[in-house]
Amino acid sequence: MTVDHSHRIWDPVHECLARPDLERLQLERLQATLQRVYHRVPCYQEKFRQAGISPDDIRSLGDLARLPFTTKEDLRCNYPYGMFAVPMRDVVRIHSSSGTTGKPTVVGYSRNDLNTWSELVARFMTAAGVSADDIVHIAFGYGLFTGAFGLHYGAEKVGATVIPISGGNTDRQIMIMEDYRSSVLVCTPSYALTIADRIERQGHSRAASSLRVGLFGAEPWSEEMRREIEQRLGIIATDNYGLSEVMGPGIAGECLERRGMHIFEDHFIAEVIDPDTGEVLPPGTVGELVLTTLTKEAIPVIRYRTRDITRLSYERCSCGRTLARMEKTRGRSDDMLIIKGVNVFPTQIEEVLFQVEGCEPHYQLVVDRVDNIDTLEVLVEVNESIFFDEMKKQRAFIDLVEKRLASTLNVGARVRLVEPASMPRHEGKAQRVIDKRKR
Ligand code: DLL
């Protein structure tokens with residue numbers, strides 16, 4: 001595989017700003033955003049009033065920490081359009097978040113917002129080595145979800161050829177990928193694995209594929225999963241991050257160094273806070289990511305609590321960008337399982353499973369409470385090399401996985417093996433946890 005390390009940069013002026021210049025721009029944009037939300041969005045006026053603060057009090061970036069947070073609940077309470085800062089006639093697009101519980105949150109985009117969005121997606125696509133010579137296969141579901149449309153317009157901006165195939169119908173995806181010579185795959189990492197599985201089962205050779213790069217995001221995935229996808233699809237897999245409430249994809253993305261995702265800080269201010277106290281943590285500390293939009297017109301958000309757990313690095317990257325990087329997120333604080341008082345992220349379990357020969361990258365976690373004691377069961381799909389008919393070998397295999405899980409998680413988990421190809425395959429975001437305690 002040839003790796004392009006030429007580090008092309010889509011917008012060198014803004015991606016390589018000296019930090020003092022970047023901070024000056026951030027403050028200017030922050031002050032303008034605060035004035036707009038204060039005067040146009042009653043929810044913000046009320047929040048600021050309650051905190052006894054006005055936009056004029058924010059004179060430095062350090063003052064940001066004095067402002068109250070915005071949460072998903074604020075968006076829900078103002079459903080559907082109450083957080084919009086422009087009249088509806090200026091809103092040209094609506095998207096909405098998946099919303100697993102209650103009402104979904106609704107987000108709007110002005111014409112300028114759509115332009116900014118495609119510019120930022122073009123940035124991370126270019127950073128991952130995508131260019132006008134590429135054929136971009138978009139296998140996210142088109143619809144209210146921001147993934148497909150976000151990547152679509154970014155890819156067009158770059159000048160690539162877009163195949164808007166949408167999600168599902170994996171056999172057709174593979175046929176089109178091969179016939180149309182797709183070079184870039186865009187989907188969730190779990191769907192990339194589903195595609196890899198199907199390709200292998202169909203007995204296709206990797207040589208039939210022109211795939212070169214994968215742009216994956218929208219759900220947590222481990223480094224082990226990256227290696228698995230790369231090896232099975234023969235591509236370079238890159239990570240990109242975003243959330244609907246703040247914009248969708250295009251908030252951060254990896255360059256080919258693949259050591260953290262560059263945050264587009266001229267458009268968003270990133271902070272990391274202690275999720276329990278709300279206190280801002282020093283750079284490099286793990287905590288919850290909080291984002292403030294600096295240029296959004298239709299629905300600016302101030303100090304939005306993402307619930308995503310990560311850490312920031314301000315170390316200079318060798319790609320030349322000066323933008324801070326966020327580490328691959330470990331998952332959402334609300335995905336974090338507390339088992340007998342120990343915090344466990346599903347991605348930690350994934351890392352262990354991927355290291356054990358014989359485990360397939362398909363698993364599910366079942367959490368329950370039996371006689372007031374939390375239990376964690378890990379359903380693991382195994383490949384044909386694990387003999388279900390040989391009890392002794394099977395028992396030894398389970399012991400091995402359980403031991404490794406216990407030493408990584410610091411809490412015991414029971415492992416149950418399931419037959420090859422029996423776990424659900426995912427087309428969008430994977431649902432891996434069944435928490436029976438919540439019923
Ligand atoms: O998932 C936006 C997106 C689409 C990002 C396509 C990247 C690619 P939502 O549906 O609102 O928006 O879900 C946002 O997904 O808060 C994270 O918990 C999770 N997430 C998104 N990207 C990543 C990632 C889109 N690269 C929520 N790694 C976020 C881990 C991610 N988690």
Side-chain angles (χ1 to χ4, degrees), residues 70-72 75-76 94-101 103-107 109 117-118 120-125 127-128 130 136 138-155 166-167 184-192 214-223 225-226 229 237-254 258 260-264 268 270 275 288-291 299 301 304-311 325-336 345-348 350-351 426-433:
T70 307
T71 62
K72 202 178 184 86
L75 273 79
R76 283 220 180 98
I94 294 289
H95 279 285
S96 121
S97 82
S98 25
T100 42
T101 49
K103 292 263 193 205
T105 47
V106 178
V107 289
Y109 300 78
W117 192 13
S118 57
L120 300 188
V121 173
R123 284 190 190 179
F124 78 72
M125 284 192 148
V130 177
V136 180
I138 300 186
F140 278 134
Y142 278 72
L144 286 173
F145 174 54
T146 53
F149 280 95
L151 271 290
H152 181 112
Y153 288 103
S166 200
V184 178
L185 175 61
V186 172
C187 59
T188 55
S190 51
Y191 192 45
L215 299 170
F216 304 124
E219 65 181 7
W221 53 310
S222 60
E223 282 301 331
M225 179 137 168
R226 186 206 302 266
I229 294 173
T238 62
D239 194 5
N240 68 87
Y241 168 88
L243 64 163
S244 336
E245 292 83 356
V246 177
M247 192 176 72
I251 293 168
E254 283 179 332
R258 296 184 301 164
M261 296 178 272
H262 288 284
I263 302 177
F264 302 130
F268 310 98
E288 177 184 337
L289 181 69
V290 169
L291 292 168
I299 173 164
V301 286
Y304 187 76
R305 290 192 61 162
T306 66
R307 305 280 167 196
D308 292 317
I309 304 296
T310 186
R311 79 170 115 204
R325 282 168 289 167
M326 61 182 270
E327 197 175 71
K328 236 176 181 329
T329 79
R330 296 163 187 227
R332 300 174 54 77
S333 57
D334 40 16
D335 278 350
M336 188 179 77
F345 284 105
T347 45
Q348 291 177 289
E350 178 177 300
E351 279 162 23
H426 305 283
E427 292 180 353
K429 301 193 190 220
Q431 283 292 341
R432 304 199 194 272
V433 181

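The figures that follow rest on heavy atoms only: side chains count, while hydrogens, waters and symmetry mates do not. Order of listing sets the numbers, starting from 1, for every ligand and every atom in it.
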How does [X] reach ligand 1, if at all, at less than 4.0 Å between non-hydrogen atoms: by side chain, backbone, both, or neither?
X      : value
Phe216 : neither
Asp308 : side chain
Lys429 : side chain

Quick check: does any side chain N or O of [X] sit under 3.5 Å from a backbone N or O of [Y], one acting as donor and the other as acceptor?
X      : Y      : answer
Arg305 : Pro275 : yes
His262 : Gly253 : no
Glu427 : Gly167 : no
Thr347 : Ser222 : no
Thr238 : Gly214 : yes
Arg332 : Pro220 : no
Lys429 : Thr188 : no

Quick one, Arg226 with Glu254, criterion salt bridge (Lys or Arg N to Asp or Glu O under 4.0 Å). Give me CA distance, side-chain angles, the key distance, then yes/no.
CA-CA 13 Å; Arg226 186 206 302 266; Glu254 283 179 332; 2.8 Å; yes
Closest to atom 23 (C) of ligand 1 (heavy atoms only, candidates Ala218, Ser96, Ala252, Gly331) is Ala218
Best match, Pro220, Ser244, Gly217: closest heavy atom to atom 9 (P) of ligand 1:
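That would be Ser244.
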Which atoms of ligand 1 have any heavy atom of [X] under 4.0 Å away?
X      : result
Gly147 : 4 (C), 6 (C)
Asn240 : 7 (C), 8 (C), 22 (N), 24 (C), 26 (N)
Thr146 : 2 (C), 12 (O)
Thr329 : 28 (N), 30 (C), 32 (N)
Arg332 : 16 (O), 18 (O), 29 (C)
Phe145 : 1 (O), 4 (C), 10 (O), 25 (C)
Phe140 : 6 (C), 8 (C)
Asp239 : 24 (C), 26 (N)

Please list all pairs meeting salt bridge (Lys or Arg N to Asp or Glu O under 4.0 Å) that have one or both residues in residues 140-153, counting only residues at least two apart or in different chains.
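Sorted result for residues 140-153: empty, none.
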